[in-house]
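What follows is a set of notes on a single structure, which appears directly below.
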Amino acid sequence: MGALFEREEFLSQIIENIPHMIFIKDAKELRFVRFNKAGEKLLGYKREELIGKNDYDLFSKEQADFFTQKDRHVLDKGELHHIPEEPIDTKNGRRILSTKKIPILDNKGNPAYLLGISEDITEKREIEAHLRQSEKMEAIGRLAGGIAHDFNNLLGGIIGYTQMSLEKVEKNSVLEKNLRKILNASEQAKHLVRQILTFSRQSGHEKSIVELRPIIMEALELLKASVPSTITMEFIARKSARPVLADPSRINEMVLNLATNAVDAMGNKGALFVRLFGKNLDKEINGHGRKIAPGKYTVIEVMDTGCGMDEQTLDRVFDPFFTTKPVDKGTGMGLSVVIGVVHAHEGNLQVESEPGKGSTFRIFLPVAKKSRTRKPGPTLG
Amino acid sequence: MKKILIVDDEEIMRDMLVQMVTEVGYIASSAINGLGAEIACDNEHFDLVILDMVMPGQDGLATVAKLRQNHGYLKIIAISGGDRSFDGTTYLDLVKNRGAHKTFVKPFERDEILTAIGELLKTP
């Protein structure tokens, strides 16, 4: 009896320690008979509150209908079913789950229980949506920027010739009126192009003097949820890092893109190191594609132990739509987002990479000029 | 008669500017890129160059630097429509420190540029 109990304990421990929600329902009434720790944490209920209940006792009718329908499908077919994405309302709010449901048969081959394993993919989905959105905005920005250049040239020609013609035409003639109308429309076109450019540069965002440490931490926290545990992540922030004039959401975006890229370069195993520190340059140094002027900088360094890049890839790595990833894995906009943000913050960067060893991206952001916040003085009078 | 060199890879801008300055009494020539500009200035004496910053081949900034170096007397007006990574104004801010006397973002007004040319050619 002792050995049996030990084996039971052992198996129990395994189920309890699996970091995904595991639940078991009876096949007849689909009532919960077992829950693990991860399940309690996810749903926000203790297992005592869950055992004996079914989905209709715990969730909205709509969600319960969906779960039940899937359960019945699995038990009828007698085979595993994967639900890639399903919303669930827990005590902690709405989460998105990726669930596998498996029928457990008795020794006669009839369904006895339903086993479910659910992974919480809420954060992963949020990151994906976020990245897709910023990639879209950057793509629009690139398109607008490209069109604007040619457009401005053509407008220059139209406005120039129209103004020259106005010099030669008889005052108050029909021709003069027509030319003025053309000029008017061209001026409007000029303003429209400027507006499109402004919009596409997202200049609606406000910059303020900020500390970068919390912004980087937030980005890495967001990423952590979707990174396999075989990849270690380390962030070191040094006191030498001074505040910069920046738009926090764009810096967040930039760090997220760099870190995601690093993780993608590493596959299943590796280490990601992020460092934040201050650096004073007393002479010009080489940056990526141009020189970095002397001055006081706060540096964000992202280093990975991934596949690295050869010289040809390194040259093109910031081009929009350039990617070394397979078609469904990347649109090639991630790093062009990074360079957009760097430029928008009057910053600069360095890239070092060795195929097979890994890559290091170093972002230099100028230290904010008035970086001492004033403490309110004693009140007078 | 003052001589002006127009440098722009866009035909419509080139033709328009040549006609614009010729009408008010200058002698105009044109080039389609930075290299053409350098060769033209080496072969003829120009008083002023209107130079587009974004052209295929040589970087506009490098052309300005070369012209200042080899023909220090030249007055330079830099123009730009904005390129893919900078908008027109940022690139022009850069070039102001490197030797362009005046800068304009395309599309500019006829009066604006003619006034600028007049001012630059007054001072030796």
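Throughout, protein chains are lettered first and strands after them, A, B, ... in sequence-line order, and every chain is numbered starting at 1.
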Crowded around [X] [atom1]? As in, over 12 foreign heavy atoms under 6.0 Å?
{"X": "B/Glu11", "atom1": "CD", "value": "no"}
{"X": "A/Leu154", "atom1": "CG", "value": "yes"}
{"X": "B/Tyr26", "atom1": "OH", "value": "yes"}
{"X": "B/Lys3", "atom1": "NZ", "value": "yes"}

As a quick check of understanding, evaluate salt bridge (charged side-chain N to carboxylate O under 4.0 Å, His left out) for B/Asp52 and B/Lys106, giving each step before the final call.
CA-CA 10 Å; B/Asp52 182 25; B/Lys106 295 178 200 172; 3.4 Å; yes
Is the closest side-chain donor-acceptor distance between B/Asp42 and B/His71 under 3.5 Å?
yes
May I ask you to check whether A/Thr313 and A/Asp310 show a side-chain donor-acceptor distance below 3.5 Å?
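Note: A/Thr313 and A/Asp310 side chains meet the donor-acceptor criterion.
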Within residues 177-190 of chain A, which residues come under 4.5 Å of chain B, heavy atom to heavy atom?
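From residues 177-190 of chain A, the residues near chain B are A/Glu187, A/Lys190.
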Using non-hydrogen atoms only, which part of [X] is less than 4.5 Å away from chain A: side chain, backbone, both, or neither?
{"X": "B/Glu109", "value": "both"}
{"X": "B/Met13", "value": "side chain"}
{"X": "B/Asp8", "value": "side chain"}

Parallel, tilted or perpendicular for B/His45 and B/Tyr73, by the 30°/60° rule?
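Plane angle under 30°, so parallel.
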With a 4.5 angstrom heavy-atom cut-off, which part of A/Leu155 approaches chain B: side chain, backbone, both or neither?
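Contact with chain B is through both the backbone and side chain of A/Leu155.
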